Number of protein chains: 2
Amino acid sequence: MAGKLRTGQVAKAAGVNVETLRFYERRGILKEPHRRSSGYREYPPEAVRVVRFIKRAQELGFTLYEVEELLVLRENTDASCEQAKATATQKMEEIEEKIQSLRAMKKALGVLVKSCASKGSVRECPILDALDDKPTKRARS
Amino acid sequence: MAGKLRTGQVAKAAGVNVETLRFYERRGILKEPHRRSSGYREYPPEAVRVVRFIKRAQELGFTLYEVEELLVLRENTDASCEQAKATATQKMEEIEEKIQSLRAMKKALGVLVKSCASKGSVRECPILDALDDKPTKRARS
DNA sequence: ATGCACCCCGTACCTAGGTACGGAGTCAAC
DNA sequence: GTTGACTCCGTACCTAGGTACGGGGTGCAT
């Protein structure tokens with residue numbers, strides 16, 4: 001059950017093109033699927049989710065390398081547990097900082113919209129302030 | 001008060017290199033500063049904040065083009081207000097979706113860390129699920 | 001009035017992340 | 001058993017976002 005998928009099907013379902021799958025495979029971010037005797041790749045349905053994850057994570061500002069780290073965590077839950085835990089914890093912090101920045105940006109845009117809606121002009125636009133005390137390097141403790 | 005800055009100073013303060021400033025200027029994302037009679041650029045202190053904003057926004061997954069849109073909003077608060085409002089509102093939605101995705105990712109990592117801390121292995125890692133139903137169209141509140 | 005750091009500009013080059021090409025083999029429906 | 005869509009692989013090419021180079025001018029402290 002749960003048919004195996006071929007490259008074209010995975011690509012279409014995930015919204016990427018076939019060459020991208022091969023590219024990810026070469027990069028090691030997508031692991032090599034089983035092959036038929038003909039050489040055709042046969043992906044498990046999960047592959048689609050992996051690829052979608054990759055694309056979404058990229059939109060969130062993660063590099064392929066970082067995405068790979070995240071995916072490794074996924075498999076790696078028994079071996080080198082402490083290591084994995086440390087990585088995960090650190091990623092969580094990074095993610096939290098991104099969330100904070102995005103919240104600030106959203107808020108700043110909200111202010112713009114509102115001032116725009118009510119009256120004409122706003123001096124001192126808040127957008128720059130939004131990311132000004134950037135949590136970029138480390139959230140201040 | 002508040003001296004004008006030269007390229008090197010802005011670059012250093014913002015953590016980029018000088019060529020990057022020129023590159024942004026060519027791209028139109030950083031507007032051309034005043035020049036001395038010698039041809040030297042003189043930036044207002046705010047330029048540093050603009051550049052930092054650009055860098056941070058990129059880390060949040062925005063392209064330079066998108067960053068430009070955001071920066072344009074900043075200046076554009078009187079003219080074509082309705083237009084600006086629409087753009088801002090749409091960006092806010094996009095940002096909210098990113099926040100949702102990041103929250104989901106963070107939570108998934110939390111599960112990993114916990115399961116890792118307590119016992120050995122976890123089947124069915126939650127990371128993929130995190131972005132699986134990406135909030136692209138329907139953010140769950 | 002010289003030295004050294006800094007700036008100018010144009011142009012070439014680089015990395016990340018794909019995309020496209022093209023000749024050959026495979027699958028399945030007709 | 002042929003046809004048309006799909007897949008294989010290697011290699012070349014492309015876009016975004018910078019970086020580096022190099023020859024020449026500037027600023028200012030000594």
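Here the structure is a predicted model, which means the values were calculated and not measured. Here is the naming used below: chain letters follow the sequence lines, and residue numbers restart at 1 for every chain.
- At whole-Å resolution of the value, NE2 in B:H34 and C1' in C:dC7 are 18 Å apart.
- As rounded to whole Å, 17 Å separates atom P of D:dC6 from atom CZ of A:R41.
- Contact annotation: the side chain of A:T89 never approaches that of B:L109 to less than 4.5 Å [non-hydrogen atoms, C-beta and beyond].
- Contact annotation: A:R27 side-chain N/O to C:dG17 OP1/OP2 distance is under 4.0 Å.
- Close to D:dC6, at under 4.0 Å from its OP1 or OP2, lies no side-chain N or O of A:R36.
- Side-chain contact between B:V10 and B:R6: absent, with no pair of heavy atoms (C-beta onward) separated by less than 4.5 Å.
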Close N or O pairs between protein and nucleotides 18-22 of chain C (under 3.5 Å):
residue : atom : partner : partner atom : Å
C:dG18  : OP1  : A:K55   : NZ           : 2.7
C:dG18  : OP2  : A:Y24   : OH           : 3.1
C:dG18  : OP2  : A:Q58   : OE1          : 3.1
C:dG18  : OP2  : A:Q58   : NE2          : 2.5
C:dT19  : OP2  : A:T20   : OG1          : 3.0
C:dA20  : N7   : A:E19   : OE1          : 3.2
C:dC21  : N4   : A:E19   : OE1          : 3.2

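- Here the C1' atom of nucleotide D:dC8 and the CD atom of A:E42 are 14 Å apart, to the nearest Å.
- Of the charged side-chain nitrogens involved, at least one lies within less than 4.0 Å of a carboxylate oxygen, so that B:K91 and B:E69 count as a salt-bridged pair.
- The OH atom of B:Y43 sits 11 Å away from the C1' atom of C:dC7 (whole-angstrom rounding).
- For the atom pair B:R56 CZ and A:K98 NZ, the distance stands at 7.0 Å (nearest 0.5 Å).
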Return all side-chain donor-acceptor pairs below 3.5 angstrom for residues 29-36 of chain A, not counting sequence neighbours, or 'none' if the list is empty.
residue : atom : partner : partner atom : Å
A:H34   : ND1  : A:E42   : OE1          : 3.4
A:R35   : NH1  : A:G39   : O            : 2.8
A:R36   : NE   : A:E42   : OE2          : 3.3

I'd like a table of atom pairs between the protein and nucleotides 23-25 of chain C - only N or O on both sides, under 3.5 Å - with the distance next to each one.
residue : atom : partner : partner atom : Å
C:dG25  : N2   : A:Y40   : OH           : 2.5

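- We find the CD-CE distance between B:E97 and B:M92 to be 12.5 Å, quoted to the nearest 0.5 Å.
- D:dC6 atom P lies 15 Å from atom CG of A:L21, rounded to whole Å.
- Both the sub-6.0 Å distance and the 45° axial angle are not jointly satisfied by B:K4 relative to the ring of B:Y40.
- Both B:F23 and B:F62 sit in one connected hydrophobic cluster of ILVMFWY residues. Membership requires side-chain heavy atoms under 4.5 Å apart, directly or through other members.
- Distance A:E32 CD to D:dC8 C1': 14 Å, rounded to the nearest Å.
- Distance CD (A:E25) to P (D:dT7): 14 Å, rounded to an integer number of Å.
- Between B:R6 and B:T63, the residue anchored closer to the 5' end of DNA chain D is B:T63, taking for each the nucleotide with the nearest heavy atom.
- Between atom CZ of residue A:R103 and atom CD1 of residue A:I99 there is a gap of 6.5 Å, rounded to the nearest 0.5 Å.
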